[in-house]
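Just below is one structure, and these are the notes that go with it.
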Amino acid sequence: MSLRHYLHDLIVPALKSCTAYDNDPIQFDIPQQITHGDFSTNIALLLAKKAKTNPRALAQSIVDALALDTAVLQKVEIAGPGFINFFFKPEFLGESILAVLQDGSFFGKSEKHKGERANVEFVSANPTGPLTVGHGRNSVFGDTVASLLEAVGYDVDREYYFNNAGRQMRVLGDSTRLRYLQLLGQTVEFPETYYQGGYISEIAQTLVDEFGSTLTEEPAEGKFKDQAEKQIFDDIKRTLKRLGIEHKNFFNENSLYEEGKIKGLLEHFKTEGLSYEKDGAVWLKLSELGNDHDRVIVKSTGEPTYRLPDIAYHVTKFERGYDLIVDIFGSDHKDAYPDVIAALKSLGYPVDKIQVLIHQFVTIIMNGEVVKMSTRKANYVTLDELVDEVGTDVTRYFFNMRSISSHMNFDLDLAKKQSDENPVFYLQYAHARICSIIRVTQEAGLQAESEDLHLLVSPEEQALIKKILLFPDIVLQSAESFETHKITGYLQELAEAFHKFYTFCRILGTEQKLAQARLSLALACKTVIRNGLSLLGVSAPDKM
RNA sequence: GCCCCCGUAGCUCAGUGGAUAGAGCAUCGGCCUCCGAAGCCGUGUGCGCAGGUUCGACUCCUGCCGGGGGCACCA
């Protein structure tokens, strides 16, 4: 049980005894000043209005009603306008480290959402070219959100939605065909609007190697498209695997047509009076569902627009029984989802189970200039190239350390040149340092013992202990708010607390009982760093 | 014109309506006969502007200014 839970359970009976408390959330802050206690709550300030009394008086009656255990809490005081500040007993905090050592790799996880199933859809790039640095943010963030959800008990399916039909893919096939013909020595014009990337020629070369010149009459949508799709998809999966990302499901949009989902949906909209025909196209009456404009769902050519399969796709997510449906999009997709959600709502689905997470774009800076990226124009930096330059750990850490609502600058030159100064090394160094301490102290015949953890009362020890005990709260908050950067921020603070502990609290040369307790604390810290980095998909090396 | 995101230290960014707004990098200055100096300690007159909401606003609301993205019978 985290310290916050302890305080919550302590204060609720007191609140009920002296206010009209009806399960409002109770906030426990960690004050910036240590003189304001380990935790602080503003509950008296919030409830004073309802109770028609002044906050300090209410705080006093709450404190008077607390069933205090003096072995756990040293002091509870009222401060300022009516804050209630809690001071834990240092010896109790020291002994709490035992739970971390016992839980090991489970520490930080919980079973709050056990029995619930979640679908996290991310990447979902169509197989028209290699993943770019821009896809990196989506990929890494999505995978980490999935890991966080698993850590709080969800059964998570990672899913990749793709479309291997339509105009984009026809152009891809024809681009490959033209490169093939060029490789055979024919002079053909290669349109500017076609895929310009060098990978197209590589695919064409494999066709030359395998089939020679026998494909000159082959249609673009035959072998050319198939081969391009296969090679590109293999490439995408290989890139993702380098980042430790593996999807359980690859959902092909085409299966929605094959299984009649599209047709059924169209008929449903028609019979419900939610669609109509105009100018030879079928429109969805989104204006009646609370959105601004009606939208075309079937073009006058008879081809559906992306909205129709997107709706059908989300219907399958509900049909597959997920309790939580997470969609991770770049900001260019933000105009699409309100239409999809409105349509799903009209179909009677509980759309509050859907969480749409939109990340802002990554701005790539190369040679001091902003690079505008386009797969078609091939002026991108691939995700593979980024991993080549800075490695998996730095890539994953970097994309996770910023809030997704912020635009992100990615200075490639800086990332390459100063990778030694990347914050991820600060954490890994702390971990490697602890591993080294364990090696050296073992050689000196010292073992970690949990008998005397109450001896850990110095400021540096207490600061580190409090950080460590906070980890389960951070994991839960990060998971439920879908914010991976809370983990990276926390780990920075944890590593800082450790490095200070290391500097001021020596183990070797200290009285044996205290030395054993300190070694236990170092071990607990190692456990949390490792667990935290593991959530992020970053390695925790024993040596660097 | 409409919609979304952003504006916090020289730079990159944190900051669930709480008490004296933080970190990393950069600058300058200290600390290794002692468990890893990839570390520690010190060093800074910063919340775009103007109103409003309230006990309290970087945080919520309105307007303005500035930057990014999106507004197709493309996906």
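Residue numbers start from 1 in every chain, and the chains themselves are labelled A, B, ... in the order their sequence lines are given, proteins ahead of strands. All values below come from the heavy atoms of this structure, side chains included, with hydrogens, waters and symmetry mates left out.
- When heavy atoms are screened at a 4.0 angstrom cut-off, A:Met401 is found touching no nucleic acid atom at all.
- Under the Watson-Crick or G-U wobble criterion, with both distances below 3.5 Å, B:A23 is paired with B:U12.
- Of all nucleotides listed (B:C13, B:G36, B:A19), B:A19 comes nearest to the side chain of A:Ala79.
- In this structure, A:Pro304 and A:Thr363 both approach RNA chain B, and ranking their closest nucleotides by distance from the 5' end singles out A:Thr363.
- The partner of B:G56 is absent, by the rule that a Watson-Crick or G-U pair needs both atom distances under 3.5 Å.
- A:Asn85 comes within contact range of at least one nucleobase, with a heavy-atom separation under 4.0 Å.
- When distances run from any side-chain atom of A:His407 to the nucleotides B:C5, B:G39, B:U12, the shortest one goes to B:C5.
- Between A:Phe141 and A:Phe399, the ring centre distance reaches or exceeds 6.0 Å.
- The aromatic rings of A:Phe39 and A:Phe28 sit perpendicular to each other, their planes meeting at more than 60°, with 30° as the lower class boundary.
- A:Thr488 has no side-chain polar atom (N or O) that falls below the 4.0 Å cut-off from OP1 or OP2 of B:G24.
- Close to B:G22, at under 4.0 Å from its OP1 or OP2, lies a side-chain N or O of A:Gln32.
- For B:G46, there is no paired base (Watson-Crick or G-U wobble, both distances below 3.5 Å).
- OP1 or OP2 of B:C73 has not a single side-chain nitrogen or oxygen of A:Ser300 nearer than 4.0 Å.
- Distances were taken from every side-chain heavy atom of A:Phe504 (C-beta onward) to each of B:A19, B:C40, B:G36; the shortest belongs to B:C40.
- B:C11 and B:U27 have their C1' atoms separated by 12 Å, with the value rounded to a whole Å.
- Candidate nucleotides B:G69, B:C74, B:A19 were compared by shortest atom distance to the side chain of A:Phe361, and B:G69 ranks first.
- The residue A:Asn163 sits close only to the backbone: its heavy atoms come under 4.0 Å of sugar-phosphate atoms, none of a base.
- At a cut-off of 3.5 Å, with distance as the only test, a side-chain donor of A:His5 or A:Ser2 sits close to an acceptor on the other residue.
- RNA chain B is contacted by both A:Ser406 and A:Ala281; A:Ser406 maps to the nucleotide lying nearer its 5′ end (nearest heavy atom per residue).
- Here A:Ser40 lies in heavy-atom contact (under 4.0 Å) with a base.
- At the phosphate of B:C40, neither OP1 nor OP2 sits under 4.0 Å from any side-chain N or O atom of A:Tyr429.
- For the pair A:Lys500 and B:G39, the criterion of a side-chain N or O lying under 4.0 Å from OP1 or OP2 is not met.
- Residue contacts for A:Asp294: at a heavy-atom cut-off of 4.0 Å it reaches no nucleic acid atom on any strand shown.
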Inset, instruction - Take A:Phe329 and A:His359, measure what ring-ring contact (aromatic ring centres under 6.0 Å, His included) needs, and give me the verdict at the end. - result: CA-CA 6 Å; A:Phe329 297 145; A:His359 61 84; 9.1 Å; no

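- Distances were taken from every side-chain heavy atom of A:Gln33 (C-beta onward) to each of B:U20, B:U12, B:G18; the shortest belongs to B:U20.
- Residues A:Ser255 and A:Glu258 have side chains that never bring a donor and an acceptor to within less than 3.5 angstrom of each other.
- As judged by a 4.0 angstrom heavy-atom cut-off over every strand, A:Glu480 is placed among residues making no nucleic acid contact.
- Ring-plane geometry between A:Tyr160 and A:Phe162 is classed as perpendicular, the angle between the planes exceeding 60 degrees on a 0 to 90 degree scale with a lower cut at 30.
- Judged by distance alone, the side chains of A:Gln168 and A:Asn126 do bring a donor and an acceptor atom under 3.5 Å apart.
- Between A:His485 and B:G15 there is a side-chain polar atom (N or O) within less than 4.0 angstrom of OP1 or OP2.
- The nucleotide B:G7 finds its pairing partner in B:C65, both defining distances of the Watson-Crick or G-U wobble pair being shorter than 3.5 Å.
- The shortest distance between the side-chain N/O atoms of A:Lys278 and the OP1/OP2 oxygens of B:C73 is not below 4.0 Å.
- Rounded to an integer number of Å, the gap from CD of A:Gln360 to P of B:C3 is 16 Å.
- The phosphate of B:G17 (OP1 or OP2) has no side-chain N or O of A:Gln27 nearer than 4.0 angstrom.
- Between A:Arg295 and B:A72, a side-chain N or O to OP1/OP2 separation shorter than 4.0 Å is absent.
- Using N1 to N3 plus N6-O4 or O6-N4 for Watson-Crick, or N1-O2 and O6-N3 for G-U wobble, each under 3.5 Å, B:G39 pairs with B:C31.
- Residue contacts for A:Ala430: at a heavy-atom cut-off of 4.0 Å it reaches no nucleic acid atom on any strand shown.
- Proximity of A:Thr503 to the phosphate of B:C40: no side-chain N or O atom is located under 4.0 Å from OP1 or OP2.
- Going from the P atom of B:C13 to that of B:G69 covers 15 Å, rounded to whole Å.
- A:Tyr397 has its OH atom 12 Å from the P atom of B:C25, to the nearest Å.
- In summary, of the residues considered (A:Glu496, A:Glu460, A:Glu493, A:Glu461), a salt bridge (charged side-chain N to carboxylate O under 4.0 Å, His left out) with A:Lys467 occurs for A:Glu493 alone.
- Among the nucleotides B:G36, B:C40, B:C5, the one closest to the side chain of A:Tyr426 is B:C40.
- Note on A:Arg506: a base of the nucleic acid sits closer than 4.0 angstrom, heavy atoms only.
- Between A:Tyr337 and the phosphate of B:C4, there is no side-chain N or O to OP1/OP2 separation shorter than 4.0 Å.
- Rounded to whole Å, atom P of B:A19 lies 12 Å from atom CG of A:Leu45.
- B:C2 is paired with B:G70 under the Watson-Crick or G-U wobble criterion, all donor-acceptor distances under 3.5 Å.
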